[in-house]
Amino acid sequence: MRAWKNNLFFMNPAISLQQVSKAYTERANGPHNRGLALEHIHIDIMPGEFFVLLGPSGCGKSTLLRIMSGLDVSYEGSVAFGEEASLSRISFVFQQFALFPWLTVFENVELALIARNVSAEARVEKVKNELKLLGLEKSAHAYPRELSGGMRQRVGIARALVTDPRVIFMDEPFSELDSFTAVQLRKELLDIWQKRRPTVVMVTHIITEAIELADRIAVLTQRPGKIKKTFTNSLPRPRHQRSEPFWRLEDELYETLKQ
Ligand code: ADP
């Protein structure tokens with residue numbers, strides 16, 4: 001096992017990928033997309049870590065996230081999950097929010113608990129708490145179509161958090177939002193992560209977002225995606241985009257992506 005921080009030296013990874021490769025054989029997106037999408041990926045993600053996969057569009061970030069989360073099992077190599085990444089302890093936040101339009105905000109969040117057989121009484125309390133945390137109490141009985149993109153993604157995050165997951169997978173969760181809303185939601189997500197310390201694995205193509213959030217950033221190459229370089233980001237939080245260490249790391253990441 002690799003140590004990335006002294007205090008985590010003796011921990012087992014939450015997720016460990018060894019020599020993972022993935023080829024698409026079907027013609028889902030046209031014949032030019034057949035062939036290798038990921039090649040020889042090796043990553044250990046530690047419990048409580050905020051880990052970001054950064055790379056250009058089409059390099060295989062979402063494919064890698066699906067493999068890491070167990071959604072996609074057709075790959076070569078091995079993926080091992082620690083206790084915290086067991087199926088009942090993981091959750092997802094998607095770019096497109098993925099809410100059920102015929103359910104209210106409350107019901108959308110509650111659904112995650114129904115799927116886990118939580119009692120009705122406990123469900124009400126947990127959902128109320130999570131809606132409060134994300135500033136959604138007043139929208140509890142609204143339907144997704146009545147909400148702004150930012151509010152919908154708050155519901156997506158509340159739904160992911162309500163089960164108290166130990167690992168959260170996020171696929172470009174802020175890319176559909178205006179930049180002001182994205183800044184605010186990133187801040188709130190960080191606050192919650194610092195309090196509860198789940199392992200977070202997030203995909204993004206935005207360098208500043210990666211720096212603002214991540215403990216470590218893995219930069220992927222163009223397709224077939226390989227890990228080009230992994231950066232440890234120990235800038236103190238909150239991280240200010242206008243500070244010198246921030247833009248230095250931004251430059252380094254940009255150069256690595258460009259090569
Ligand atoms: P990213 O998330 O970095 O944009 P993806 O993981 O979505 O990249 O896709 C990686 C590559 O695999 C792209 O070239 C994409 O077109 C292709 N791809 C993704 N899903 C499929 C699929 N189901 N069938 C065939 N090709 C796919």
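Every number for a ligand or one of its atoms is a count from 1 in the order of the listing. Reckoned from all heavy atoms, side chains included, excluding hydrogens, waters and symmetry mates. None of the values given here were measured: they were computed from a predicted structure.
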K61: numbered ligand 1 atoms lying under 4.0 Å from its heavy atoms: 1 (P), 2 (O), 3 (O), 4 (O), 6 (O), 8 (O)

Ionic contact status for D191 with R186, cut-off 4.0 Å: no

I'd like to check which ligand 1 atoms, numbered from 1 as shown, lie under 4.0 Å from a non-hydrogen atom of G58. 1 (P), 3 (O), 4 (O), 8 (O), 10 (C), 11 (C), 13 (C), 14 (O)

Using the rule given for side chain to side chain contact (heavy atoms under 4.5 Å, CB included), can you reason through Q153 versus T181, listing the C-alpha separation, both sets of side-chain angles and the distance that settles it, and then say yes or no? CA-CA 10 Å; Q153 193 55 302; T181 307; over 6 Å; no

Is it true that D72 and K22 have a side-chain N and a carboxylate O under 4.0 angstrom from each other? yes

If we set the cut-off at 4.0 Å for heavy atoms, which region of H205 has an atom near ligand 1: side chain, backbone, both, or neither? neither

Under a heavy-atom criterion of less than 4.0 Å, does G55 contact ligand 1? no

Is R159 paired with E130 through a side-chain N to carboxylate O contact shorter than 4.0 Å? no

Going by an N to O cut-off under 4.0 Å, is there a salt bridge joining E137 and K128? no

Going by heavy atoms, is P56 under 4.0 Å from ligand 1? yes

Closest by any non-hydrogen atom to atom 11 (C) of ligand 1: pick that one out of Q95, E172, R223. R223

Are any of the N or O atoms of A37 closer than 3.5 Å to those of ligand 1? no

Are side-chain N/O atoms of Q95 and S175 paired as donor and acceptor at under 3.5 Å? yes

